[in-house]
Amino acid sequence: MKTPIRVAVTGAAGQIGYALLFRIASGAMFGPDQPVILQLIEAPVDKALKALEGVAMELDDCAFPLLKGIVQTSDPAVGFKDANWCLLVGAKPRGPGMERADLLKDNGKIFIGQGQIIDAVAAADARVAVVGNPANTNCMIAASQAKRLPPERFTAMVRLDQNRAQSQLAQKAGVDLTAVKDIFIYGNHSPTMFPAFAHATINGAPAAKVINDDAWLQGPFCETVGKRGAAIIAARGASSAASAANALVDHVRSLVTLGAIHSVAVKSNGHYGFDANVWAGMPVRTTTPGSYEVLTGYDLSDAFSQQKLAATNKELVEERAFVADMIK
Ligand code: NAD
Ligand code: LMR
């Protein structure tokens, strides 16, 4: 039996938490032979903590063989203690009519404190994955507070966007989802994101050739993927939860699977023209469990791609400027 890994999850009693914890405990995130201890962190609010008790009871009632312990706390110093993975979900979701930028000042503050505490108490090999919106900039904020953990350990989720893009391409081409490969998300988890279709393939052939409709790819496709979160909020009256939890399972599972290639928002070192020190979606390959290399070989020098990359980079730079006072 392997040693259990400690997985801290913030916002554990929220919508995404409720769709996520059971999958982690069942082995979907770290594999069927990897025991886990869940360290569940909620806001210090009676209602949230009471709800968390209920979630923990349900986890007990699942009798998951891999679940070796549950910590419930509103104290991040307890919740992040010795954590190997810190999944930062807890934050306000946007409601109808709001843009992600509307969340920045409120949610940004959460990630200052959490970045500092994770750096102080988490395990030496700690990895951080940010879901709470605006995820890229919140991730940058958390990483900015760390002195011990290197910035590469902090990633933000654009996997939901990749999954959405894959699904849209498969439906348009009328093929099975698994026929679509190499669709990657560049930039911000926001409507400016760029689902770069130029390198995507469908049954091994260039997706653009198979679909044969550049106007659709450049217009409705990018727009549907970029605004899917808002479409779900409009339809459900609440932001995506099960698909977000599923994407986080995919995000971490790929990051611990050698050779996996997928879209992750990581610290830019100037790749693809992103400003250094913004966290931008781009393709990465897992090199050792939890570590990755950015794949820089995709040619996005055509005018359309350049314009899309510039727009999403501009937004990330603006978000960073908006919180500059906070992260001093
Ligand atoms: P929710 O309101 O249902 O749950 C959020 C939970 O976080 C609540 O239980 C709240 O009490 C808790 N919380 C708030 N502040 C906290 C803190 N400081 N520490 C610990 N817990 C705290 O929201 P949700 O639907 O689960 O969404 C959570 C976040 O994920 C939102 O910001 C949402 O916009 C974002 N989201 C991101 C993606 C993505 O693809 N990156 C997708 C969907 C949702
Ligand atoms: C999503 O993409 O579904 C989430 O980020 C929620 C939102 O606010 O769009």
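All values below were derived from every heavy atom in this structure, side-chain atoms included, with hydrogens, water molecules and symmetry-related copies excluded. Whatever order the structure lists ligands and atoms in, that order sets their numbers, starting from 1.
The hydrophobic cluster containing F184 also contains F304, counting ILVMFWY residues as joined when their side-chain heavy atoms lie under 4.5 angstrom apart, directly or transitively.
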| said: Apply side chain to side chain contact (heavy atoms under 4.5 Å, CB included) to residues I24 and L67 and explain how you reach the verdict. | reply: CA-CA 9 Å; I24 301 174; L67 183 56; over 6 Å; no
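The closest heavy-atom contact to atom 14 (C) of ligand 1, among the options G11, A238, A91, S74, comes from A91.
Below 3.5 Å of separation, one finds an N or O of H189 facing an N or O of ligand 2. Considering both main-chain and side-chain atoms, A244 never comes within under 3.5 Å of ligand 1 through any nitrogen or oxygen pair. The N/O atoms of V131, backbone and side chain alike, include one that comes under 3.5 Å of an N/O atom in ligand 1. The shortest N/O to N/O separation between D161 and ligand 2 does not fall below 3.5 Å. At under 3.5 Å, not a single nitrogen or oxygen of S240, backbone or side chain, sits near a nitrogen or oxygen of ligand 1.
Counting atoms of ligand 2 from 1 in the listed order, those under 4.0 Å from a heavy atom of R94 are 7 (C), 8 (O), 9 (O). Near I41, meaning under 4.0 Å from one of its heavy atoms, ligand 1 places the atoms 20 (C), 21 (N). Interface atoms of ligand 1 facing K92, defined by a heavy-atom separation under 4.0 Å, are 31 (C), 32 (O). Atoms of ligand 1 found under 4.0 Å from any heavy atom of L160 (numbered from 1 in listed order, with element): 40 (O), 42 (C). Heavy-atom proximity to I233, at under 4.0 Å, picks out these atoms of ligand 2: 7 (C), 8 (O). With ligand atoms numbered from 1 in the order given, ligand 1 contributes 39 (C), 40 (O), 41 (N) to contacts under 4.0 Å with heavy atoms of M157. In the vicinity of G229, heavy-atom distances shorter than 4.0 Å reach the ligand 2 atoms 1 (C), 2 (O), 3 (O), 9 (O).
Contact between V45 and ligand 1 is absent, with no heavy atom of the residue lying under 4.0 Å from the ligand. Using a 4.0 Å cutoff on heavy atoms, R164 counts as a contact of ligand 2. For A241, the closest heavy-atom approach to ligand 1 does not fall below 4.0 Å. Using a 4.0 angstrom heavy-atom cutoff, N133 counts as in contact with ligand 2.
The protein heavy atom nearest to atom 34 (O) of ligand 1 is N133 ND2, 2.9 Å. Closest protein heavy atom to atom 17 (C) of ligand 1: Q114 NE2, 4.0 Å. Protein heavy atom closest to atom 25 (O) of ligand 1, with residue, atom name and distance, is Q15 NE2, 2.9 Å. The single protein non-hydrogen atom nearest to atom 15 (N) of ligand 1 is I110 CD1, 3.8 Å, given as residue, atom name and distance. Nearest protein heavy-atom contact of atom 29 (C) of ligand 1 is V89 O, 3.2 Å. For atom 39 (C) of ligand 1, the nearest non-hydrogen atom of the protein is H189 NE2, 3.2 Å. Nearest non-hydrogen protein atom to atom 11 (O) of ligand 1 is E42 OE1, 2.6 Å. Counting protein heavy atoms only, atom 4 (O) of ligand 1 is closest to G14 CA, 3.2 Å.
A donor atom on one side chain and an acceptor atom on the other are not found under 3.5 Å apart for S301 and Q306. In the model, S74 has no side-chain atom that pairs as donor or acceptor with a side-chain atom of E42 under 3.5 Å. There is a side-chain donor-acceptor pair under 3.5 Å between S291 and R127. If you check the side chains of T73 and D75, you find no donor sitting under 3.5 Å from an acceptor. A donor atom on one side chain and an acceptor atom on the other are not found under 3.5 Å apart for N246 and S243.
Electrostatic pairing of R228 and D161 does not count as a salt bridge here, judged by no charged N lying under 4.0 Å from a carboxylate O. Salt-bridge annotation for D125 and R153: absent, with no side-chain N of the basic residue lying under 4.0 Å from a carboxylate O of the acidic one. Taking 4.0 Å as the cut-off between side-chain N and carboxylate O, R6 and D82 do not count as a salt-bridged pair.
Residue contacts with ligand 1, taken as heavy atom pairs separated by less than 4.0 Å, involve I16 via backbone and side-chain atoms alike.
Other residues, nucleotides and ligands place no more than 12 heavy atoms under 6.0 Å from the OH atom of Y18. Dense packing is recorded around NZ of K68, with more than 12 heavy atoms of other residues, nucleotides or ligands lying under 6.0 Å away.
Side-chain N or O atoms of N107 include none that pairs as donor or acceptor with a backbone N or O of P134 at under 3.5 Å. Checking side-chain atoms of D275 against main-chain N and O of V278 turns up no donor-acceptor pair under 3.5 Å.
Both the sub-6.0 Å distance and the 45° axial angle are satisfied by K105 relative to the ring of F322.
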